[in-house]
A.B. asks: 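Sharing a structure below in structure tokens format, with a few things to ask.
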Protein chains: 2
Amino acid sequence: MNIGEIARRAGVSRSTVSYVLSGKRAVSEPTRQRIQAVIDELDYRPNANARALKEGRTRTLGLVIPPASQRLTDMQLGFVASVVEAAARADLDVLLSPSGGDHDRSFERIVTGRRVDGVILMEIRLEDDRVTRLRRSRLPFVTIGRTAEPAGTSWVDVDYEGLIARCVHHLADLGHRHIALVNRSAELVAAGYGPGHRALAGFAEAVTERGLTGIDLCCGDDASAGEAAMTRLLTTHPDVTAAATINEAALPGIQRALEAEGRVVPRDFSVVGVAAAHWAEDFRPPLTAADVPTLDMGAEAVALLLERIAAPTAAPRHRLYHPPISLRSSAAPAPSPLR
Amino acid sequence: MNIGEIARRAGVSRSTVSYVLSGKRAVSEPTRQRIQAVIDELDYRPNANARALKEGRTRTLGLVIPPASQRLTDMQLGFVASVVEAAARADLDVLLSPSGGDHDRSFERIVTGRRVDGVILMEIRLEDDRVTRLRRSRLPFVTIGRTAEPAGTSWVDVDYEGLIARCVHHLADLGHRHIALVNRSAELVAAGYGPGHRALAGFAEAVTERGLTGIDLCCGDDASAGEAAMTRLLTTHPDVTAAATINEAALPGIQRALEAEGRVVPRDFSVVGVAAAHWAEDFRPPLTAADVPTLDMGAEAVALLLERIAAPTAAPRHRLYHPPISLRSSAAPAPSPLR
DNA sequence: AACCTGGGTTGAATCGATTCGACAACGAGG
DNA sequence: CCTCGTTGTCGAATCGATTCAACCCAGGTT
């Protein structure tokens with residue numbers, strides 16, 4: 001069931017079949033129909049490897065995901081889903097590579113083996129070995145997130161710095177003077193995870209600008225870690241009346257800790273942050289938060305990558321997202337200190 | 001940077017380089033070292049497409065996932081992660097295909113384009129077009145979940161029927177007489193989603209066997225659907241004192257509804273079911289539940305697929321999982337009706 | 001009638017590997 | 001000294017497509 005078989009049955013040469021398939025040269029209507037009939041009858045589709053070998057491109061994108069050991073966050077999952085879907089719309093397949101460290105066989109296979117036309121990286125560190133590795137290679141790539149020095153690469157990212165700053169300003173406007181930042185896990189931040197650092201930078205700057213007291217703490221990416229972190233915060237810093245967070249997975253725990261301490265949201269305590277819509281809406285009361293537009297970002301990453309593949313020498317582009325902060329009902333004026 | 005380049009630099013023929021790479025023929029130690037040095041220096045790796053073309057196998061597995069539009073459940077995500085990781089351990093890559101319906105370009109590309117050596121399907125319906133399609137083709141495949149007539153295919157699945165039956169028996173032993181089943185969404189069940197039907201079958205049988213009153217209801221896969229379904233259940237069937245569920249995503253909603261109605265778990269109402277450990281442990285109080293072993297199942301699916309690829313004519317194998325029901329604290333004796 | 005034109009088709013080269021059969025070199029055995 | 005067997009290396013065919021240059025032929029020009 002190869003192209004030769006089709007050619008034989010249709011009584012033409014292999015090249016003619018190929019031209020019917022690609023439409024790159026005119027083929028007379030009668031022959032075209034005859035060939036097409038054979039193709040339809042046998043449900044023939046050209047061997048993807050042979051085609052890739054000759055054409056020099058695979059019609060496949062690589063997507064490097066964090067290794068499965070650590071469960072993917074909802075946000076990461078959103079990126080994967082949207083990248084895969086955007087690629088499918090462009091008739092491209094997606095090859096997955098679970099790669100954490102630098103010396104990863106799967107990652108190397110994808111980069112050097114010419115298995116893909118380009119790569120999308122996520123979970124970017126400020127200093128990222130995979131990015132350096134890809135920069136050295138010829139392979140076009142786009143990052144979701146960005147390194148400390150992103151110039152010269154194509155990327156999409158969320159402006160955590162600006163978003164957290166705006167959250168702080170919002171809380172300050174409401175009269176809060178002691179504000180906490182619930183960051184991602186200590187390991188992630190220590191490893192140079194970009195959003196963690198940028199959120200902290202935005203927090204620190206806004207806190208200083210408004211003359212507030214800011215407490216920042218790291219917190220594992222799950223409910224129980226959130227509960228523990230929040231409980232500790234409430235006892236060590238009882239004067240804190242509001243928190244901003246980029247750790248959506250900790251939200252249920254934060255909620256439980258506040259309930260356990262008898263603090264009613266938003267009357268006694270305000271919470272705002274960056275979180276996927278469904279986390280925000282599952283919070284009680286619904287969380288005032290910016291929603292990371294994973295769907296758009298994944299699609300945009302694919303679009304940027306396709307550009308880069310089409311014109312590898314053109315100047316790389318990027319896109320920084322500033323999603324709006326949806327006002328829901330988890331933030332209110334600070335409780336009066338006279339009581 | 002192809003094999004010819006290596007051969008030239010090492011002053012040998014292309015075949016000798018190939019033999020060094022594969023070790024399929026003896027190569028004298030001096031030549032071997034000389035060639036290896038060139039390979040290391042240039043960081044050469046054979047072109048995966050050329051190799052696949054010649055060898056007739058791609059060292060790639062296809063994984064068909066539900067289309068991204070509907071967010072993947074935690075369980076599905078667990079399967080994806082474990083499949084990818086198990087494949088990586090075997091030095092295989094994974095090609096993703098988001099395919100819901102039958103006539104899907106991405107799915108067809110994978111099946112007919114010889115892009116993969118085998119396919120893993122998930123989210124299997126009792127009658128599944130994709131399974132029929134794959135059966136017709138030559139391509140080895142394994143399903144996570146099973147059709148109504150799984151004979152002749154390799155599969156892994158969880159014994160929802162047995163698990164739910166055991167949940168019902170457990171509740172009956174505790175004295176509950178009116179029990180509800182919170183199933184997956186109505187659309188899913190209507191579409192012939194296996195676990196939904198099998199859970200219902202197990203529920204019905206156990207309820208009859210123990211002479212209980214059983215109420216079964218469908219419920220969307222998220223917290224708010226769970227809340228709505230549970231609220232409705234509590235008002236329409238106030239005598240129900242326990243529920244079994246296979247809908248983990250609805251658990252937070254179920255919890256909220258019970259709290260809102262003032263029913264204390266497990267004193268006034270018992271909940272048991274099948275749910276990933278982290279859902280069960282986030283329930284208050286922790287949920288007595290069986291945990292679907294997604295990690296093992298994904299790895300086993302890959303193992304079965306590799307068997308099938310190695311020996312396509314051998315009898316297919318399967319594996320049905322009966323994970324233990326972990327006793328936590330969400331089930332207690334039925335409240336006494338005298339009150 | 002010879003010449004051109006151009007649409008339609010084909011043969012052959014090519015992509016980058018693998019692998020088989022052939023062959024050269026060399027030591028051992030008769 | 002000749003033959004035989006081993007060991008190591010090479011040339012050429014092959015996998016299944018794409019694509020270029022060449023060619024054929026019908027129809028229109030001169």
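Since this is a predicted model, take the numbers as computed values, not measurements.
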A.B. asks: Can you list the residues that meet the side chain to side chain contact (heavy atoms under 4.5 Å, CB included) rule with B:Ala37, with sequence neighbours excluded?
C.D. replies: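 B:Ala37: no side chain to side chain contact (heavy atoms under 4.5 Å, CB included) contacts found.
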A.B. asks: Count the heavy atoms belonging to other residues, nucleotides or ligands that lie under 6.0 Å from CD of B:Glu149, then report whether that count exceeds 12.
C.D. replies: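 No, not enclosed.
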A.B. asks: What's the angle between the local helix axes at either end of the helix from C:dA1-D:dT30 to C:dG30-D:dC1, using five pairs per end and rounding to 10 degrees?
C.D. replies: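 Both end axes considered, the difference amounts to 70°.
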A.B. asks: Roughly how far, to the nearest 0.5 Å, is OG of B:Ser97 from CD of B:Glu108?
C.D. replies: 9.5 Å
A.B. asks: Only one of B:Ile6, B:Thr31, B:Ile35 clears side-chain contact (heavy atoms from CB on, under 4.5 Å) with B:Val20; which?
C.D. replies: B:Ile35
A.B. asks: Quick check for you: to the nearest 0.5 Å, what is the distance between B:Glu123 atom CD and B:Ile144 atom CD1?
C.D. replies: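 Going from CD on B:Glu123 over to CD1 on B:Ile144, the span is 10.5 Å.
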A.B. asks: Just grab all the ring pair (Phe, Tyr, Trp, His ring centres under 6.0 Å) pairs involving residues 131-157 of chain B, residues at least two apart or on different chains.
C.D. replies: B:Trp155-B:His318
A.B. asks: Measure the spacing between CG of A:Leu95 and CG of A:Leu61 and express it to the nearest 0.5 Å.
C.D. replies: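 So the gap between those two atoms works out to 9.5 Å.
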A.B. asks: Produce the list of close N/O pairs, under 3.5 Å, pairing protein atoms with atoms of nucleotides 10-13 of chain D; give distances to one decimal.
C.D. replies:
from, atom 1, to, atom 2, distance (Å)
D:dC10, OP2, B:Ser13, N, 2.8
D:dC10, OP2, B:Ser13, OG, 3.3
D:dC10, OP2, B:Thr16, OG1, 2.7
D:dG11, N7, B:Ser15, OG, 3.3
D:dG11, O6, B:Ser15, OG, 3.1

A.B. asks: At a heavy-atom distance below 4.0 Å, what parts of residues 34-47 of chain B sit against DNA chain C?
C.D. replies: B:Tyr44, B:Pro46, B:Asn47
A.B. asks: Less than 4.0 angstrom from a charged side-chain N to a carboxylate O is my criterion; do A:Asp91 and B:Arg105 meet it?
C.D. replies: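 Answer for the salt bridge query: yes.
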A.B. asks: Is it true that atom CD of B:Glu127 has more than 12 heavy atoms of other residues, nucleotides or ligands lying nearer than 6.0 Å?
C.D. replies: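 Counting other residues, nucleotides and ligands, CD of B:Glu127 stays at 12 neighbours or fewer.
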A.B. asks: Could you give the start and end, 5' to 3', of the contact zone on DNA chain C for chain B, using atoms under 4.0 Å from its heavy atoms?
C.D. replies: C:dG16 to C:dA22
A.B. asks: Mind calculating the distance between NZ (B:Lys24) and C1' (D:dG8) to the nearest angstrom?
C.D. replies: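 Those two atoms, NZ and C1', are 18 Å apart.
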A.B. asks: Could you measure the distance from the CZ atom of B:Arg109 to the CZ atom of A:Arg59? Nearest 0.5 Å is fine.
C.D. replies: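 Here the interatomic distance stands at 9.0 Å.
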A.B. asks: Rounded to the nearest 0.5 Å, what separation is found between the OG1 atom of B:Thr60 and the CZ atom of A:Arg115?
C.D. replies: 3.5 Å
A.B. asks: Under 4.0 Å, counting only non-hydrogen atoms across every strand here, what does B:Thr31 touch: a base, just sugar-phosphate, or nothing?
C.D. replies: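 Sugar-phosphate, backbone atoms only, no base.
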A.B. asks: What is the distance from atom OG of A:Ser137 to atom CG of B:Asp43, rounded to the nearest 0.5 Å?
C.D. replies: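 Output value for this atom pair is 10.0 Å.
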A.B. asks: Which pair of heavy atoms, one from A:Val80 and one from A:Met122, lies closest together, and at what distance?
C.D. replies: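 Minimum heavy-atom separation between A:Val80 and A:Met122: CG2-SD, 4.2 Å.
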